[in-house]
Amino acid sequence: MTVVTRFAPSPTGFLHIGGARTALFNWLYARHCGGKFLLRIEDTDRKRSTDDAVAAIFAGLEWLGLDWDEEPVFQFSRADVHSGAANRLLAEGKAYHCYCTQEELEEMRAKAKAEGRPMRYDGRWRDRDPSDAPEGVPPVVRLKAPQDGETVIDDLVQGEVRFANEQLDDMILLRANGTPTYMLSVVVDDHDMGVSHIVRGDDHLTNAARQTLLYEALGWDVPAFAHIPLIHGPDGAKLSKRHGALGVEAYRDMGYLPEAMRNYLLRLGWGHGDEEVISTEQAIEWFDLDAVGRSPARIDFAKLENLNGIYIRNSSDEQLFGHVVPVIENALGRSLGDIDRNRLSTLIPSLKERAKTTLELFENARFLFMYRPLELDEKATKLLTDEARSVINTLLPVLADLSEWTPESTEAAIRQFADDQSLKLGKVAQPLRAALCGRTTSPGIFDVLDALGRDESLARLGDIAN
RNA sequence: GUCCCCUUCGUCUAGCGGUCUAGGACAUCGGCCUCUCACGCCGAAAACACGGGUUCGAGUCCCGUAGGGGACGCCA
(Lines give C-alpha, C1' and ligand atoms only; values in the text may rest on other atoms or scores of the structure.)
Protein backbone atom coordinates (compact mmCIF):
# COMPACT_ATOMS: atom_id res chain seq x y z
CA MET A 1 0.00 0.00 0.00
CA THR A 2 1.29 3.44 -0.84
CA VAL A 3 1.32 5.71 2.13
CA VAL A 4 -0.42 9.02 1.62
CA THR A 5 -0.46 11.59 4.40
CA ARG A 6 -1.82 15.07 4.40
CA PHE A 7 -1.63 18.31 6.31
CA ALA A 8 -4.98 20.08 6.39
CA PRO A 9 -4.86 23.46 8.09
CA SER A 10 -7.69 25.94 8.05
CA PRO A 11 -6.44 29.29 6.77
CA THR A 12 -7.58 31.41 9.66
CA GLY A 13 -4.16 32.53 10.81
CA PHE A 14 -0.47 31.86 10.49
CA LEU A 15 1.14 28.45 10.61
CA HIS A 16 1.72 28.07 14.32
CA ILE A 17 4.19 25.80 15.97
CA GLY A 18 1.71 23.02 16.73
CA GLY A 19 0.59 22.93 13.13
CA ALA A 20 4.19 22.99 12.01
CA ARG A 21 4.92 19.90 14.06
CA THR A 22 1.85 18.12 12.73
CA ALA A 23 2.99 18.96 9.22
CA LEU A 24 6.50 17.77 10.01
CA PHE A 25 5.30 14.40 11.32
CA ASN A 26 3.09 13.90 8.27
CA TRP A 27 5.92 14.86 5.98
CA LEU A 28 8.45 12.65 7.74
CA TYR A 29 6.16 9.67 7.76
CA ALA A 30 5.40 10.02 4.06
CA ARG A 31 9.08 10.44 3.20
CA HIS A 32 10.04 7.56 5.47
CA CYS A 33 7.59 5.27 3.71
CA GLY A 34 8.37 6.57 0.26
CA GLY A 35 4.80 7.80 0.00
CA LYS A 36 3.16 11.12 -0.68
CA PHE A 37 2.58 14.16 1.47
CA LEU A 38 -0.42 16.20 0.39
CA LEU A 39 -1.67 19.59 1.39
CA ARG A 40 -5.27 20.59 1.78
CA ILE A 41 -6.54 24.02 2.73
CA GLU A 42 -9.73 23.71 4.77
CA ASP A 43 -11.30 26.97 3.80
CA THR A 44 -14.95 26.07 4.17
CA ASP A 45 -15.44 28.63 6.90
CA ARG A 46 -15.75 31.55 4.52
CA LYS A 47 -15.95 34.13 7.25
CA ARG A 48 -12.67 33.29 8.87
CA SER A 49 -10.58 32.11 5.94
CA THR A 50 -8.25 34.60 4.34
CA ASP A 51 -5.85 34.61 1.41
CA ASP A 52 -3.17 36.07 3.65
CA ALA A 53 -3.42 33.04 5.89
CA VAL A 54 -3.14 30.71 2.92
CA ALA A 55 -0.01 32.53 1.84
CA ALA A 56 1.39 32.41 5.36
CA ILE A 57 0.86 28.66 5.55
CA PHE A 58 2.60 28.06 2.24
CA ALA A 59 5.45 30.34 3.26
CA GLY A 60 5.78 28.67 6.64
CA LEU A 61 5.98 25.19 5.16
CA GLU A 62 8.48 26.32 2.59
CA TRP A 63 10.62 27.95 5.22
CA LEU A 64 10.65 24.72 7.18
CA GLY A 65 11.56 22.84 4.04
CA LEU A 66 8.43 20.69 4.05
CA ASP A 67 7.59 20.22 0.41
CA TRP A 68 4.27 18.74 -0.59
CA ASP A 69 3.37 16.54 -3.50
CA GLU A 70 0.70 17.48 -6.01
CA GLU A 71 -1.34 20.67 -6.11
CA PRO A 72 -2.87 21.75 -2.81
CA VAL A 73 -6.57 21.00 -2.57
CA PHE A 74 -8.86 23.84 -1.58
CA GLN A 75 -11.71 22.28 0.29
CA PHE A 76 -14.31 24.90 -0.46
CA SER A 77 -14.01 24.25 -4.18
CA ARG A 78 -15.19 20.71 -3.58
CA ALA A 79 -18.40 21.61 -1.76
CA ASP A 80 -20.54 20.08 -4.51
CA VAL A 81 -18.76 16.77 -4.21
CA HIS A 82 -19.28 16.82 -0.48
CA SER A 83 -22.97 17.52 -0.66
CA GLY A 84 -23.25 14.88 -3.36
CA ALA A 85 -22.03 12.33 -0.83
CA ALA A 86 -24.59 13.51 1.70
CA ASN A 87 -27.36 13.30 -0.86
CA ARG A 88 -26.32 9.79 -1.67
CA LEU A 89 -26.64 8.85 2.00
CA LEU A 90 -30.03 10.53 2.04
CA ALA A 91 -31.13 8.46 -0.93
CA GLU A 92 -29.85 5.32 0.71
CA GLY A 93 -31.72 6.08 3.90
CA LYS A 94 -28.48 6.47 5.84
CA ALA A 95 -29.11 10.12 6.49
CA TYR A 96 -32.21 12.21 7.10
CA HIS A 97 -33.57 15.72 7.20
CA CYS A 98 -33.82 17.35 10.58
CA TYR A 99 -36.02 20.40 11.06
CA CYS A 100 -34.89 21.25 14.56
CA THR A 101 -34.64 24.95 15.21
CA GLN A 102 -31.70 26.60 16.95
CA GLU A 103 -34.02 27.16 19.89
CA GLU A 104 -34.84 23.49 20.19
CA LEU A 105 -31.15 22.64 20.13
CA GLU A 106 -30.51 25.27 22.74
CA GLU A 107 -33.13 23.62 24.94
CA MET A 108 -31.51 20.24 24.45
CA ARG A 109 -28.17 21.69 25.39
CA ALA A 110 -29.54 23.33 28.49
CA LYS A 111 -31.35 20.20 29.57
CA ALA A 112 -28.29 18.06 29.02
CA LYS A 113 -26.22 20.43 31.07
CA ALA A 114 -28.72 20.48 33.88
CA GLU A 115 -28.73 16.71 33.99
CA GLY A 116 -24.98 16.52 33.84
CA ARG A 117 -24.95 14.80 30.50
CA PRO A 118 -23.05 15.85 27.42
CA MET A 119 -25.11 17.50 24.71
CA ARG A 120 -26.47 14.86 22.37
CA TYR A 121 -29.03 15.43 19.68
CA ASP A 122 -32.02 13.35 20.68
CA GLY A 123 -32.80 12.09 17.20
CA ARG A 124 -36.31 13.51 17.14
CA TRP A 125 -36.40 13.66 13.34
CA ARG A 126 -34.57 10.43 12.83
CA ASP A 127 -37.58 8.31 12.02
CA ARG A 128 -40.20 10.96 11.68
CA ASP A 129 -42.31 11.18 8.57
CA PRO A 130 -40.96 13.89 6.26
CA SER A 131 -44.53 15.04 5.71
CA ASP A 132 -44.41 16.39 9.27
CA ALA A 133 -41.88 18.93 8.09
CA PRO A 134 -42.79 22.40 9.23
CA GLU A 135 -43.40 25.07 6.60
CA GLY A 136 -40.53 27.32 5.67
CA VAL A 137 -37.92 25.71 7.91
CA PRO A 138 -34.87 24.69 5.88
CA PRO A 139 -33.63 21.34 7.21
CA VAL A 140 -30.13 20.15 7.95
CA VAL A 141 -29.02 16.70 6.89
CA ARG A 142 -27.95 14.37 9.68
CA LEU A 143 -26.22 11.03 9.56
CA LYS A 144 -28.31 8.13 10.81
CA ALA A 145 -25.62 6.80 13.09
CA PRO A 146 -25.80 3.52 14.99
CA GLN A 147 -27.26 4.04 18.45
CA ASP A 148 -25.68 1.13 20.21
CA GLY A 149 -22.52 -0.88 19.98
CA GLU A 150 -19.16 0.80 19.93
CA THR A 151 -16.73 2.31 17.52
CA VAL A 152 -13.13 1.29 17.87
CA ILE A 153 -10.24 3.40 16.68
CA ASP A 154 -7.03 1.49 16.19
CA ASP A 155 -4.77 4.44 16.55
CA LEU A 156 -1.10 4.17 15.60
CA VAL A 157 -0.12 6.43 18.47
CA GLN A 158 -2.93 6.12 21.00
CA GLY A 159 -3.50 2.41 20.61
CA GLU A 160 -7.00 0.98 20.69
CA VAL A 161 -9.53 3.56 21.78
CA ARG A 162 -13.21 2.66 22.21
CA PHE A 163 -16.21 4.92 22.07
CA ALA A 164 -19.76 3.86 22.88
CA ASN A 165 -21.90 4.78 19.91
CA GLU A 166 -24.57 6.21 22.18
CA GLN A 167 -22.20 9.05 22.91
CA LEU A 168 -21.85 9.86 19.26
CA ASP A 169 -25.02 11.52 18.11
CA ASP A 170 -26.39 12.00 14.61
CA MET A 171 -23.97 14.61 13.34
CA ILE A 172 -24.89 17.25 10.85
CA LEU A 173 -23.59 16.65 7.35
CA LEU A 174 -25.23 19.51 5.49
CA ARG A 175 -26.16 22.80 7.10
CA ALA A 176 -29.55 24.41 6.64
CA ASN A 177 -28.01 26.57 3.94
CA GLY A 178 -26.91 23.44 2.13
CA THR A 179 -23.19 23.77 2.75
CA PRO A 180 -21.23 20.74 3.97
CA THR A 181 -19.84 20.61 7.47
CA TYR A 182 -16.25 19.93 8.38
CA MET A 183 -17.01 16.36 9.38
CA LEU A 184 -18.38 15.52 5.95
CA SER A 185 -15.81 17.45 3.95
CA VAL A 186 -12.86 15.90 5.72
CA VAL A 187 -14.06 12.38 5.14
CA VAL A 188 -14.92 12.89 1.50
CA ASP A 189 -11.68 14.73 0.77
CA ASP A 190 -9.45 12.29 2.59
CA HIS A 191 -11.11 9.48 0.71
CA ASP A 192 -10.90 11.16 -2.68
CA MET A 193 -7.30 12.21 -2.12
CA GLY A 194 -6.42 8.62 -1.29
CA VAL A 195 -5.15 9.48 2.19
CA SER A 196 -4.00 6.30 3.87
CA HIS A 197 -2.75 7.73 7.16
CA ILE A 198 -4.34 10.62 8.99
CA VAL A 199 -1.79 12.16 11.31
CA ARG A 200 -3.17 15.06 13.32
CA GLY A 201 -3.47 16.54 16.80
CA ASP A 202 -5.18 14.42 19.39
CA ASP A 203 -7.87 17.04 19.81
CA HIS A 204 -9.37 15.20 16.83
CA LEU A 205 -9.55 11.84 18.53
CA THR A 206 -13.31 11.93 19.14
CA ASN A 207 -13.78 13.21 15.61
CA ALA A 208 -12.05 10.06 14.44
CA ALA A 209 -14.86 8.02 15.93
CA ARG A 210 -17.53 10.12 14.25
CA GLN A 211 -15.68 10.05 10.99
CA THR A 212 -15.31 6.31 11.19
CA LEU A 213 -19.09 6.06 11.30
CA LEU A 214 -19.28 8.24 8.22
CA TYR A 215 -16.71 6.18 6.33
CA GLU A 216 -18.72 3.10 7.13
CA ALA A 217 -22.00 4.68 6.03
CA LEU A 218 -20.38 5.69 2.76
CA GLY A 219 -19.00 2.21 2.32
CA TRP A 220 -15.39 3.35 2.26
CA ASP A 221 -12.27 1.91 3.87
CA VAL A 222 -11.33 3.69 7.06
CA PRO A 223 -7.79 5.12 6.89
CA ALA A 224 -5.22 4.56 9.63
CA PHE A 225 -5.25 7.18 12.34
CA ALA A 226 -2.38 8.61 14.34
CA HIS A 227 -3.37 11.23 16.89
CA ILE A 228 -0.35 13.01 18.23
CA PRO A 229 -0.41 14.89 21.53
CA LEU A 230 -0.65 18.64 21.48
CA ILE A 231 2.21 20.91 22.41
CA HIS A 232 1.82 22.87 25.62
CA GLY A 233 3.33 26.12 26.77
CA PRO A 234 6.24 26.23 29.23
CA ASP A 235 3.71 26.42 32.05
CA GLY A 236 1.95 23.22 30.98
CA ALA A 237 -1.16 25.03 29.89
CA LYS A 238 -2.42 25.46 26.41
CA LEU A 239 -0.07 27.27 24.08
CA SER A 240 -0.68 30.99 24.28
CA LYS A 241 0.68 33.71 22.05
CA ARG A 242 3.00 34.78 24.77
CA HIS A 243 4.32 31.28 25.04
CA GLY A 244 5.09 30.32 21.53
CA ALA A 245 1.83 30.05 19.62
CA LEU A 246 3.48 32.23 17.04
CA GLY A 247 3.71 31.83 13.34
CA VAL A 248 6.84 30.07 12.17
CA GLU A 249 7.90 33.31 10.50
CA ALA A 250 8.13 34.81 13.98
CA TYR A 251 10.69 32.17 14.86
CA ARG A 252 12.57 33.02 11.69
CA ASP A 253 12.56 36.67 12.74
CA MET A 254 13.82 35.73 16.19
CA GLY A 255 16.88 34.30 14.50
CA TYR A 256 16.17 30.59 14.41
CA LEU A 257 17.33 28.41 11.56
CA PRO A 258 14.73 26.19 9.91
CA GLU A 259 16.86 23.08 10.34
CA ALA A 260 17.14 23.74 14.07
CA MET A 261 13.42 24.33 14.32
CA ARG A 262 12.75 21.08 12.53
CA ASN A 263 15.12 19.18 14.79
CA TYR A 264 13.56 20.69 17.88
CA LEU A 265 10.01 19.96 16.79
CA LEU A 266 10.97 16.42 15.95
CA ARG A 267 12.32 15.78 19.43
CA LEU A 268 9.12 17.05 21.01
CA GLY A 269 7.22 13.86 21.61
CA TRP A 270 9.55 11.63 19.71
CA GLY A 271 12.96 10.20 20.47
CA HIS A 272 15.49 7.83 19.01
CA GLY A 273 17.68 6.52 21.79
CA ASP A 274 20.07 9.20 22.98
CA GLU A 275 20.15 11.05 19.69
CA GLU A 276 19.67 14.79 19.96
CA VAL A 277 21.10 16.39 16.85
CA ILE A 278 19.36 14.65 14.01
CA SER A 279 19.78 15.51 10.37
CA THR A 280 16.80 15.46 8.07
CA GLU A 281 18.17 12.39 6.33
CA GLN A 282 18.45 10.54 9.62
CA ALA A 283 15.03 11.74 10.68
CA ILE A 284 13.48 10.34 7.53
CA GLU A 285 15.24 7.06 8.06
CA TRP A 286 14.39 6.73 11.74
CA PHE A 287 10.97 8.31 12.05
CA ASP A 288 8.02 6.10 12.76
CA LEU A 289 4.63 6.80 14.25
CA ASP A 290 4.78 4.04 16.84
CA ALA A 291 7.63 5.84 18.56
CA VAL A 292 5.60 9.00 19.04
CA GLY A 293 4.86 9.52 22.73
CA ARG A 294 1.35 9.83 24.07
CA SER A 295 1.84 12.56 26.60
CA PRO A 296 1.83 16.22 25.68
CA ALA A 297 5.19 18.00 25.63
CA ARG A 298 5.99 21.51 26.77
CA ILE A 299 7.86 23.87 24.57
CA ASP A 300 11.26 24.83 25.97
CA PHE A 301 12.92 27.84 24.44
CA ALA A 302 16.24 27.20 26.15
CA LYS A 303 16.58 23.88 24.39
CA LEU A 304 15.50 25.35 21.08
CA GLU A 305 18.16 28.04 21.49
CA ASN A 306 20.80 25.52 22.33
CA LEU A 307 19.98 23.46 19.27
CA ASN A 308 19.92 26.56 17.14
CA GLY A 309 23.40 27.41 18.39
CA ILE A 310 24.58 23.97 17.37
CA TYR A 311 23.12 24.40 13.91
CA ILE A 312 24.69 27.84 13.59
CA ARG A 313 28.09 26.43 14.52
CA ASN A 314 27.66 23.55 12.12
CA SER A 315 26.65 25.78 9.23
CA SER A 316 29.23 26.43 6.59
CA ASP A 317 30.55 29.99 6.63
CA GLU A 318 28.98 30.69 3.25
CA GLN A 319 25.59 29.33 4.24
CA LEU A 320 25.53 31.25 7.47
CA PHE A 321 26.66 34.41 5.75
CA GLY A 322 23.70 34.09 3.43
CA HIS A 323 21.33 33.61 6.35
CA VAL A 324 22.68 36.48 8.32
CA VAL A 325 23.02 39.26 5.76
CA PRO A 326 19.26 39.85 5.47
CA VAL A 327 18.92 39.72 9.24
CA ILE A 328 21.57 42.39 9.63
CA GLU A 329 20.28 44.57 6.85
CA ASN A 330 16.86 44.39 8.38
CA ALA A 331 18.13 45.26 11.84
CA LEU A 332 20.42 48.00 10.59
CA GLY A 333 17.85 49.46 8.24
CA ARG A 334 20.39 49.76 5.47
CA SER A 335 22.05 47.47 3.00
CA LEU A 336 25.59 46.27 3.48
CA GLY A 337 28.31 47.62 1.22
CA ASP A 338 31.36 45.72 0.07
CA ILE A 339 33.46 46.80 3.02
CA ASP A 340 30.78 45.69 5.47
CA ARG A 341 30.37 42.40 3.70
CA ASN A 342 34.10 41.73 3.70
CA ARG A 343 34.42 42.48 7.35
CA LEU A 344 31.46 40.29 8.17
CA SER A 345 32.61 37.37 6.12
CA THR A 346 36.08 37.54 7.67
CA LEU A 347 34.61 37.39 11.13
CA ILE A 348 31.92 34.78 10.50
CA PRO A 349 34.01 31.77 11.63
CA SER A 350 34.63 33.46 14.94
CA LEU A 351 31.13 34.90 15.24
CA LYS A 352 29.37 31.62 14.77
CA GLU A 353 30.98 30.08 17.81
CA ARG A 354 29.30 32.58 20.07
CA ALA A 355 25.72 33.01 18.90
CA LYS A 356 22.60 31.03 19.64
CA THR A 357 20.46 32.94 17.16
CA THR A 358 21.24 34.96 14.07
CA LEU A 359 19.90 37.96 15.94
CA GLU A 360 22.47 37.41 18.67
CA LEU A 361 25.10 36.99 16.00
CA PHE A 362 24.15 40.37 14.65
CA GLU A 363 24.48 41.94 18.10
CA ASN A 364 27.95 40.48 18.40
CA ALA A 365 28.90 41.75 14.97
CA ARG A 366 27.30 45.14 15.30
CA PHE A 367 30.57 46.95 15.99
CA LEU A 368 31.72 46.05 12.48
CA PHE A 369 29.12 48.35 11.03
CA MET A 370 29.45 51.27 13.40
CA TYR A 371 31.00 54.56 12.34
CA ARG A 372 33.86 56.38 14.06
CA PRO A 373 34.18 57.70 16.58
CA LEU A 374 32.68 54.70 18.30
CA GLU A 375 30.13 55.10 20.99
CA LEU A 376 31.40 53.16 23.99
CA ASP A 377 29.08 51.32 26.27
CA GLU A 378 29.27 51.73 30.02
CA LYS A 379 31.63 48.87 30.72
CA ALA A 380 33.94 49.83 27.90
CA THR A 381 34.08 53.41 29.12
CA LYS A 382 34.96 52.24 32.59
CA LEU A 383 37.62 49.94 31.30
CA LEU A 384 39.37 52.62 29.29
CA THR A 385 41.18 54.29 32.15
CA ASP A 386 44.08 56.63 31.56
CA GLU A 387 46.37 53.72 32.13
CA ALA A 388 44.56 51.61 29.55
CA ARG A 389 44.64 54.45 27.07
CA SER A 390 48.36 54.87 27.53
CA VAL A 391 48.82 51.18 26.80
CA ILE A 392 47.02 51.70 23.53
CA ASN A 393 49.11 54.78 22.90
CA THR A 394 52.32 52.87 23.27
CA LEU A 395 51.07 49.95 21.24
CA LEU A 396 49.79 52.05 18.37
CA PRO A 397 53.15 52.71 16.64
CA VAL A 398 54.07 49.05 17.00
CA LEU A 399 50.97 48.02 15.14
CA ALA A 400 51.35 50.79 12.61
CA ASP A 401 54.81 49.51 11.79
CA LEU A 402 53.68 45.99 11.01
CA SER A 403 54.55 45.03 7.50
CA GLU A 404 51.81 42.47 7.39
CA TRP A 405 48.27 42.61 8.86
CA THR A 406 47.04 39.14 9.64
CA PRO A 407 45.71 37.49 12.78
CA GLU A 408 49.09 35.81 13.13
CA SER A 409 51.15 38.95 12.71
CA THR A 410 49.09 41.07 15.09
CA GLU A 411 49.02 38.29 17.64
CA ALA A 412 52.78 37.87 17.52
CA ALA A 413 53.33 41.61 17.82
CA ILE A 414 50.88 42.11 20.64
CA ARG A 415 52.12 39.14 22.62
CA GLN A 416 55.66 40.43 22.22
CA PHE A 417 54.54 43.89 23.25
CA ALA A 418 52.82 42.58 26.38
CA ASP A 419 55.92 40.62 27.19
CA ASP A 420 58.15 43.64 26.78
CA GLN A 421 55.91 45.73 28.97
CA SER A 422 55.58 42.93 31.53
CA LEU A 423 51.85 43.01 31.04
CA LYS A 424 49.48 40.09 30.98
CA LEU A 425 47.89 39.69 27.59
CA GLY A 426 44.53 40.59 29.05
CA LYS A 427 45.81 43.97 30.12
CA VAL A 428 46.45 44.76 26.49
CA ALA A 429 43.62 42.84 24.85
CA GLN A 430 40.80 44.28 26.93
CA PRO A 431 41.59 47.93 26.22
CA LEU A 432 41.98 47.02 22.56
CA ARG A 433 38.63 45.32 22.59
CA ALA A 434 36.93 48.27 24.21
CA ALA A 435 38.46 50.69 21.74
CA LEU A 436 37.79 48.54 18.71
CA CYS A 437 34.32 47.26 19.59
CA GLY A 438 32.97 49.76 22.04
CA ARG A 439 32.19 46.94 24.42
CA THR A 440 34.01 44.48 26.64
CA THR A 441 33.04 41.28 24.92
CA SER A 442 33.76 40.28 21.36
CA PRO A 443 35.29 37.55 19.26
CA GLY A 444 39.01 36.95 19.66
CA ILE A 445 40.83 40.25 19.48
CA PHE A 446 43.17 39.18 16.68
CA ASP A 447 40.20 38.15 14.59
CA VAL A 448 38.62 41.51 15.29
CA LEU A 449 41.74 43.33 14.12
CA ASP A 450 41.76 41.16 11.04
CA ALA A 451 38.12 41.79 10.20
CA LEU A 452 38.32 45.52 10.74
CA GLY A 453 41.51 45.77 8.73
CA ARG A 454 44.58 47.83 9.34
CA ASP A 455 43.28 51.31 8.56
CA GLU A 456 40.03 51.06 10.47
CA SER A 457 41.70 49.37 13.42
CA LEU A 458 44.43 51.97 13.71
CA ALA A 459 41.90 54.77 13.30
CA ARG A 460 39.64 53.41 16.04
CA LEU A 461 42.63 52.99 18.34
CA GLY A 462 43.78 56.47 17.50
CA ASP A 463 40.38 57.85 18.49
CA ILE A 464 40.88 56.43 21.96
CA ALA A 465 44.55 57.11 22.41
CA ASN A 466 44.24 60.83 21.87
C1' G B 1 -20.57 17.39 34.51
C1' U B 2 -19.94 13.20 30.67
C1' C B 3 -16.52 10.64 27.47
C1' C B 4 -11.40 9.96 25.90
C1' C B 5 -6.13 10.41 26.69
C1' C B 6 -1.81 11.25 29.69
C1' U B 7 1.74 10.92 34.34
C1' U B 8 10.39 8.80 34.61
C1' C B 9 15.11 14.63 36.97
C1' G B 10 12.65 21.95 36.40
C1' U B 11 12.07 20.65 30.72
C1' C B 12 12.55 17.05 26.34
C1' U B 13 13.35 12.03 26.66
C1' A B 14 15.86 6.48 27.09
C1' G B 15 13.72 2.41 29.45
C1' C B 16 9.44 -2.17 26.11
C1' G B 17 9.71 -7.90 33.98
C1' G B 18 15.67 -9.09 36.29
C1' U B 19 21.61 -5.76 32.89
C1' C B 20 17.92 0.48 36.96
C1' U B 21 22.25 1.83 43.33
C1' A B 22 17.20 4.56 36.41
C1' G B 23 20.86 6.50 31.01
C1' G B 24 21.24 10.98 27.59
C1' A B 25 20.17 16.20 26.34
C1' C B 26 18.77 21.32 27.76
C1' A B 27 18.66 24.44 31.92
C1' U B 28 21.18 25.10 36.97
C1' C B 29 25.70 24.95 40.08
C1' G B 30 31.12 24.01 40.57
C1' G B 31 35.97 23.46 37.96
C1' C B 32 39.43 23.37 33.72
C1' C B 33 40.74 26.00 29.17
C1' U B 34 41.39 31.35 28.26
C1' C B 35 42.74 38.18 25.69
C1' U B 36 36.71 39.07 27.04
C1' C B 37 32.34 36.42 25.77
C1' A B 38 31.31 31.95 23.92
C1' C B 39 32.77 26.97 22.38
C1' G B 40 34.95 22.62 24.34
C1' C B 41 36.16 19.36 28.41
C1' C B 42 35.50 17.46 33.59
C1' G B 43 32.24 17.14 37.76
C1' A B 44 27.73 18.01 41.03
C1' A B 45 22.71 18.34 42.27
C1' A B 46 18.15 16.54 40.14
C1' A B 47 12.92 11.84 38.49
C1' C B 48 10.00 6.36 38.18
C1' A B 49 2.68 11.03 41.11
C1' C B 50 0.24 8.01 45.18
C1' G B 51 -2.10 3.36 46.92
C1' G B 52 -3.23 -1.54 46.09
C1' G B 53 -2.51 -6.01 43.48
C1' U B 54 -0.03 -9.89 39.78
C1' U B 55 4.99 -12.07 40.00
C1' C B 56 10.52 -15.37 42.83
C1' G B 57 11.19 -10.26 40.96
C1' A B 58 7.70 -3.98 38.59
C1' G B 59 9.81 2.32 36.29
C1' U B 60 8.21 -1.68 33.10
C1' C B 61 1.69 -5.69 33.64
C1' C B 62 -3.52 -4.91 36.10
C1' C B 63 -6.96 -1.96 39.25
C1' G B 64 -8.01 2.32 41.96
C1' U B 65 -6.87 7.55 43.68
C1' A B 66 -4.91 12.21 42.70
C1' G B 67 -3.21 15.66 39.17
C1' G B 68 -2.91 17.36 33.99
C1' G B 69 -4.81 17.61 28.99
C1' G B 70 -8.45 17.00 25.11
C1' A B 71 -13.50 16.49 23.20
C1' C B 72 -18.55 17.58 23.97
C1' G B 73 -21.06 23.67 17.59
C1' C B 74 -25.53 24.26 11.53
C1' C B 75 -16.06 26.14 13.74
C1' A B 76 -12.38 23.55 11.62
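These figures come from a predicted structure and were not determined experimentally.
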With sugar-phosphate meaning primed atoms plus P, OP1 and OP2, does [X] contact a base, only sugar-phosphate, or nothing at under 4.0 Å between heavy atoms?
X: A/Leu174; answer: nothing
X: A/His204; answer: base
X: A/Arg162; answer: sugar-phosphate
X: A/Ala302; answer: sugar-phosphate
X: A/Lys356; answer: sugar-phosphate
X: A/Thr44; answer: sugar-phosphate
X: A/Asn177; answer: nothing

Self-check item: Spacing between A/Asp288 atom CG and B/rC16 atom P, to the nearest angstrom
Solution: 18 Å
Between [Y] and [X], does any NZ, NE, NH1 or NH2 come within less than 4.0 Å of an OD or OE carboxylate oxygen?
X: A/Arg162; Y: A/Glu160; value: yes
X: A/Glu363; Y: A/Arg366; value: yes
X: A/Lys382; Y: A/Glu378; value: no
X: A/Arg343; Y: A/Glu456; value: yes

I want to verify a distance call: between [options], whose nearest atom is closest to the [X] side chain?
X: A/Gln102; options: B/rU11, B/rC3, B/rC74; value: B/rC74
X: A/Ser295; options: B/rA76, B/rC26, B/rU7; value: B/rU7
X: A/Arg294; options: B/rC6, B/rG40, B/rA76; value: B/rC6
X: A/Glu353; options: B/rC74, B/rC39, B/rC6; value: B/rC39
X: A/Asp203; options: B/rG70, B/rC26, B/rC3; value: B/rG70

Mind listing the N/O atom pairs, protein and nucleotides 31-36 of chain B, below 3.5 Å?
from	atom 1	to	atom 2	distance (Å)
B/rC35	O2'	A/Arg433	NH2	3.3
B/rC35	O2	A/Arg433	NH1	3.4
B/rC35	O2	A/Arg433	NH2	2.4
B/rC35	N3	A/Ile445	N	3.3
B/rU36	O4'	A/Gln430	OE1	3.1
B/rU36	O2'	A/Thr440	O	3.1
B/rU36	N1	A/Arg433	NH2	3.3
B/rU36	O2	A/Ser442	N	2.8
B/rU36	O2	A/Ser442	O	3.1
B/rU36	N3	A/Arg433	NH1	3.1
B/rU36	N3	A/Ser442	O	2.6
B/rU36	O4	A/Arg354	NH2	3.4
B/rU36	O4	A/Gly444	N	3.3

Kindly give the atom pairs (protein nitrogen or oxygen, nucleotide nitrogen or oxygen) under 3.5 Å for nucleotides 18-25 of chain B.
from	atom 1	to	atom 2	distance (Å)
B/rG23	N2	A/Asp274	OD1	3.2
B/rG24	N2	A/Arg267	NH2	3.4
B/rG24	N2	A/Glu276	OE2	2.8
B/rA25	O4'	A/Glu276	OE2	3.4
B/rA25	N3	A/Lys303	NZ	2.9

Just say parallel, tilted or perpendicular for the rings of [X] and [Y], cut-offs at 30° and 60°.
X: A/Tyr99; Y: A/His97; result: tilted
X: A/Phe287; Y: A/Phe25; result: tilted
X: A/His272; Y: A/Trp286; result: parallel

Exercise. First locate atom CZ of A/Phe76, then atom CG of A/Asp43, and finally report the distance between them rounded to the nearest 0.5 Å.
Key: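 Result: 7.5 Å between the selected atoms.
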Could you pull out every donor-acceptor pair under 3.5 Å between side chains of residues 47-58 of chain A and any protein atom, sequence neighbours left out?
from	atom 1	to	atom 2	distance (Å)
A/Arg48	NE	A/Asp45	OD2	3.0
A/Ser49	OG	A/Asp45	O	2.8
A/Thr50	OG1	A/Ala53	N	3.0

Quiz prompt | Short side-chain N/O contact from A/Arg313 to OP1 or OP2 of B/rG40, under 4.0 Å | solution =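 So the side chain of A/Arg313 is within the cut-off, an N or O lying under 4.0 Å from OP1 or OP2 of B/rG40.
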